[in-house]
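Quantities reported herein were computed from a predicted structural model and do not represent experimental measurements.
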Amino acid sequence: MSGFDHVWEEANLATMQGDGLGVIEDGALAVKDGRIAWVGPRAELPRHDAPVTRCGGAWILPGLIDCHTHLVFGANRAAEFEQRLAGATYEEIARAGGGIFSSVRATRAASEAELLEQATPRLLGLMAEGVTTVEIKSGYGLDLDSELKMLRVARRLGAAQPVEVVTSLLAAHAVPRDFPGGAEAYTDFVVRDAIPLAAQAGLADAVDAFCERIAFSPGQTARVFEAARAAGLPVKLHADQLSDLGGAALAARYGALSADHLEYASAEGLKAMAAAGTVAVLLPGATYFIREARHPDIAAMRAAGVRMALSTDMNPGSSPARSLLLMLNLGCTLFRLTVAEALRGVTLHAAAALGLADRGLLEVGKRADFALYGIGRPAELCYWLGGNPCLSRVVAGRPG
């Protein structure tokens, strides 16, 4: 008799095994010590004496993973949204003190307790949809104390809630206006101070950067990546969002976990990513919110064999998206992803974008992170605009 801790029966499973959804109808899943111990057709389930949850035909998917968020920030920018709708340009808003630097001021001014209080409902909303792992970036501090403060808040969120939080140091997000010496001097600060100290404090799981004409050049980004490598941290990149600066190829050259956005990435850059195993993280919330006409070249990604993840890019400026389920629909409608591509993009490939090989699919030995949905078929998760069919979550084998 098998010694499982708990068994879920009478469920349909989308395991993500193989090339598609890996569907098992009328299936069962068993957990032992926080890991998946058995998965397959219910008729083949070994005899056991474990507690049973009968799912009544609900669908079980791997726990959803939001692999690119800026979830910790000081204040929203709804007022700027209102101004833009009334005709104000981004330049006019920036000259009046708005834009990213308004988020920087608010984040610097907020205490850790205030940031934690503001971020918690954002995180809880994702969890309610079946999210079990969330990446959170810094990048709205742009000085040492504030960047580390953001990362500490992210760690506290993960400690306080039944969810795993993965952190990325994004000190190279923008050049602060109050930093003397411009981009080169600020890059010196990121390389010399921010990365080593974040690594030593155990606050960062990866290092990210924004490689773009309005942010950091490829050369400056390479310096950030070299410092990350010296600190023993993997890298990620906001790449080719507004122009093709070769960010995709640069990310591939450093073996980046992911390159994100990629609206202007070249076919050659995408091929380099595929060869390096770098995941493309697609962010349709930003495309939608800023009304970007240029979309990532999904056909070229398919042709190159690039793995595609999907994420909210939750942030106060360009993607105030608090629903990963909504991103499934936008990924399908805006970028023309298939249902299988979208769902693998928030499970298996999102896990790869964070360097997490222990989750993202329902397979024996993997971490027992999964979610139950009251739906008739997996496509409903991509189909509905609004609503939340998530019935429950399990995180490392524990309901949460």
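Aromatic rings of H70 and H238 (six-membered ring for Trp) have centroids within the 6.0 Å cut-off, being under it. Aromatic pair F179/F189: ring centres closer than 6.0 Å.
In summary, D26 and R42 engage in a salt bridge, as defined by a charged side-chain N under 4.0 Å from a carboxylate O. Using a cutoff of 4.0 Å between basic side-chain nitrogens and carboxylate oxygens, K149 and E112 are not scored as salt-bridged. Ionic pairing of R294 and E263 is not present here: no N-O contact between side-chain nitrogen and carboxylate oxygen is shorter than 4.0 angstrom. Ion pairing of D369 with R367 is present here, as a side-chain N (NZ or NE/NH1/NH2) and a carboxylate O approach within less than 4.0 Å.
With rounding to the nearest 0.5 angstrom, the CD atom of E380 is 13.0 Å from the CG atom of L328. The distance from the NZ atom of K32 to the CG atom of D5 is 4.5 Å, given to the nearest 0.5 Å.
In summary, of the residues considered (L362, T347, V23), a side chain to side chain contact (heavy atoms under 4.5 Å, CB included) with M16 occurs for T347 alone. For the side chain to side chain contact (heavy atoms under 4.5 Å, CB included) test with F335, the passing option among L283, D297, T287 is T287; the others fail.
L262 and Y288 fall within the same hydrophobic cluster, where Ile, Leu, Val, Met, Phe, Trp and Tyr residues are linked whenever their side-chain heavy atoms come under 4.5 Å apart, directly or through other members.
A salt bridge (Lys or Arg N to Asp or Glu O under 4.0 Å) check over residues 195-211, counting only residues at least two apart or in different chains, returns the pairs K137-D208, R155-D205.
At least one test fails for R393 against the ring of F370: distance under 6.0 Å to the centre or angle within 45° of the axis. A cation-pi geometry, defined here as NZ or CZ lying under 6.0 Å from the six-membered ring centre and within 45° of its normal, holds between R122 and F73.
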